[in-house]
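Everything below concerns the one structure shown next.
All of these numbers come straight from a predicted model, not from anything done at the bench. First the proteins, then the strands, lettered A, B, ... as listed; each starts at 1.
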Protein chains: 2
Amino acid sequence: MAHDRPLADRAAQPRRRARVTAADVAEAAGVSRSAVSRAFTPGAYLDADKRQLVLKTAMDLGYRPNALAASLQGAATDLVGVVVGELSNPYDSEWLAALVSALNASGKWPIVLGGQAEGLDESVTSILSYPLDALIVRGGSLGEALIDNCTKLNIPVIFSGRVISHPAIDCIACRNHIGMVQAVTLLLESGRRRIGYIGGPPTLSSEQERLAGVVERLAEAGLTLAAQVTSDYSFGGGQSAMRTLLQDTSPDAVVCANDAMALGALSFARNCRNLTVPEDLAIIGFDDIAMAAWAEFNLTTVRNPLAKTVDEVLRLLEGRLANPQKPGEVVMIDPDLVKRGTH
Amino acid sequence: MAHDRPLADRAAQPRRRARVTAADVAEAAGVSRSAVSRAFTPGAYLDADKRQLVLKTAMDLGYRPNALAASLQGAATDLVGVVVGELSNPYDSEWLAALVSALNASGKWPIVLGGQAEGLDESVTSILSYPLDALIVRGGSLGEALIDNCTKLNIPVIFSGRVISHPAIDCIACRNHIGMVQAVTLLLESGRRRIGYIGGPPTLSSEQERLAGVVERLAEAGLTLAAQVTSDYSFGGGQSAMRTLLQDTSPDAVVCANDAMALGALSFARNCRNLTVPEDLAIIGFDDIAMAAWAEFNLTTVRNPLAKTVDEVLRLLEGRLANPQKPGEVVMIDPDLVKRGTH
DNA sequence: CAGTTATGTGAACACGCGTGCATATTTCGA
DNA sequence: TCGAAATATGCACGCGTGTTCACATAACTG
């Protein structure tokens, strides 16, 4: 019977062709396996000539120490989970690109989950099977339920874009409230009074903070929102939100919860309603994605500093790895207003 | 001396707090470690009640089998390397997002390298320390030298966007030549005669094929390029390329090697030279990124089918994993012309 | 009841690696 | 020349799994 054949026979038909191993190199070079291991370990006792021979042989055979087997001894894996939601929001794409680049530069290898909403929780559960050094989560892309899972597995979690009230979790977020106050102040100063708002998914804490910033600054000036539409952080969503907004009201300014929607709104106002921006209508976004600076749009927006955010994520990561027991840190980043041509 | 303290002492101060292990669960549940392993192995002999008890205990302790340790027995790791160059080209970002999403959906976990040009080779070498199931490489982001490394390590390589002449490597690419022939044909049919070209990095094979398509179709009509500028596949690069182009010549059409440059060129022509597109000047791009369809641009372009490309990558991957020894497959995808408002 | 088969289970092994320990070899000082 | 210190190296262990193997118990069969 097939399942009864001896080991040697089974080894002749492995599921996956075996990887070159330290034992192979040892045999080929005529040294002990320990010597091979030592040749790849800086500072280990090994005759210089012999080390040279081993490295040469390893090179010929294409041998590399198996990082996974090595991690069994307690070494760090340098594997970091990165969870980002649907990438329909360009800011998320830019965040991911910058983060991946920075992680690579410091010798960490990101396992990326994203692009899909459904099944994301399940996916995260799956990658917890790997001994990750840490898990980096973008904004509201994931429930807090997974924190328990991670702490039980001793995998540190770092949130970017949301503040979690948990004693041992590092967070980094933008002061959304302040950013929106700045934006509305700018509009009020230039005489706008009928101000509308296009928001993102209301469940996101960042969305709530941004809306609150707008509403409170308006209240301070004795005003309320002229109109409010909820959308999905995408360009297309911004377009249709603007259509809805202009059906019922005629605002003289619209604040958008992110740049992608602002660009969509801007596009719709110009091309489908023949409005002149900013004369007929001012539009302000949030994030300052690369496209916002393009001449076509020249969007006035609130910058959500990307480079600084990623730098801080890496700083928190290094700190957490150096001292897993240290208390959680919350880093708040100040946005700044970028005045361009749509206000 | 510190390095002489016995094992038990050292274990009390581990570098990284240990992960919950099968032995821990076994002890807590009062069963053997084998039973724990069996509880997580579908189809293994184990009393239903006992399995239930083990799973319950594991849940409480937050235990998950360590996928890396499991892979030592020969199981697949489900880890896939994904190499993408600088993400300045939006098409690359879209490709990455779509690929990550598709991989996740089929239970593969991508380790992503990219966003940086320098040090990329070194990074790839580093992740070869992990027993990857496969390596997926985007276009010209990497030299062919790594193929040897991978084959020695028995890690299959799949190229997307470039054809490699190697007997055991899977490739998938777009028929760039055909796409450009279609684009130029469209321009010729509408009476354009002074046709310029904005290209990407000349070392990329895709770039060479696209240029060749343009030149050959022109030659067929008895024409040559009215002007030619080389740039970097980015929006800003397209802008400055257009400036250069318009300094020396006055073409009635410009073909761009990708959409990002086409949008930059379009933006520059309109906003900085007050040209009307397409009346004064036709512009055609390549890729059909999401932004090309935006009302502001409404770019006529050659679609490089993204969904189909990713589907094929996954099909090749599954096929390769099912049969590592099968001969390499080359999949060519036909582009199609998307006629919008800039021709 | 004896004999065969089905059903569970724990001990032991292998996977690839780094490293402590003990031993073998060389170098050095007196 | 001899002992001690320094240097080099092989053996063996453990990391956390899945799985084989031998064995124990329960369930049938006639």
Measure the distance from [atom1] on [X] to [atom2] on [N] and round it to the nearest whole Å.
X         : N       : atom1 : atom2 : result
Asn66(A)  : dG16(D) : CG    : C1'   : 14 Å
Gln73(A)  : dA12(D) : CD    : C1'   : 13 Å
Leu72(A)  : dC15(D) : CG    : C1'   : 5 Å
Asp24(A)  : dG16(C) : CG    : P     : 8 Å
Leu153(B) : dG16(C) : CG    : C1'   : 14 Å

Scan residues 46-54 of chain B against DNA chain C and write down, sorted by residue number, each residue with any heavy atom closer than 4.0 Å; if none is found, say none. Leu46(B), Asp47(B), Lys50(B)
Counting only heavy atoms and a strict 4.0 angstrom limit, can you tell me which residues of residues 55-64 of chain B come near DNA chain C? none
Sidechain-backbone polar pair: Lys152(B) side chain, Asp60(A) backbone, donor-acceptor under 3.5 Å: yes
Check whether Ser37(A) reaches the backbone of Ser34(A) with its side chain - one donor and one acceptor, N or O, closer than 3.5 Å. no
Using only side-chain N and O atoms of Ser32(A), determine if any of them is under 4.0 Å from OP1 or OP2 of dG10(D).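 It does, given that an N or O in the side chain of Ser32(A) lies less than 4.0 Å from OP1 or OP2 of dG10(D).
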Short side-chain N/O contact from Thr21(A) to OP1 or OP2 of dC17(C), under 4.0 Å: yes
Examine the side chains of [X] and [Y] and answer whether a donor and an acceptor come within less than 3.5 Å of each other.
X         : Y         : value
Thr77(B)  : Asp133(B) : yes
Arg162(A) : Ser205(A) : no
Trp95(B)  : Thr309(B) : no

Does any N or O donor sit under 3.5 Å from an N or O acceptor when you compare the side chain of Ser71(A) with the base of dC17(C)?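 When only heavy-atom distances are counted, Ser71(A) does not reach the base of dC17(C) through any donor-acceptor pair under 3.5 Å.
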With a 4.0 Å cut-off on N to O distance, would you call Arg315(B) and Glu329(B) a salt bridge?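 Yes, this pair counts.
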So what does Thr41(B) touch, heavy atoms closer than 4.0 Å: a base, only the sugar-phosphate, or nothing? sugar-phosphate
So if I take every side-chain heavy atom of Arg33(A) and compare against dC11(D), dG16(C), dC17(C), which nucleotide ends up nearest?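 Within the option list, the nearest is dC17(C).
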Counting only side-chain heavy atoms from C-beta out, which of dG18(C), dA8(D), dG20(C) sits nearest to Arg38(A)? dG20(C)
When Leu132(A), Val82(A), Ile136(A) are each screened for side-chain contact (heavy atoms from CB on, under 4.5 Å) with Pro110(A), the one that passes is Val82(A)
Intermediate values then yes/no, side chain to side chain donor-acceptor pair (under 3.5 Å), Trp109(A) and Ser126(B): CA-CA 9 Å; Trp109(A) 314 117; Ser126(B) 293; 5.3 Å; no
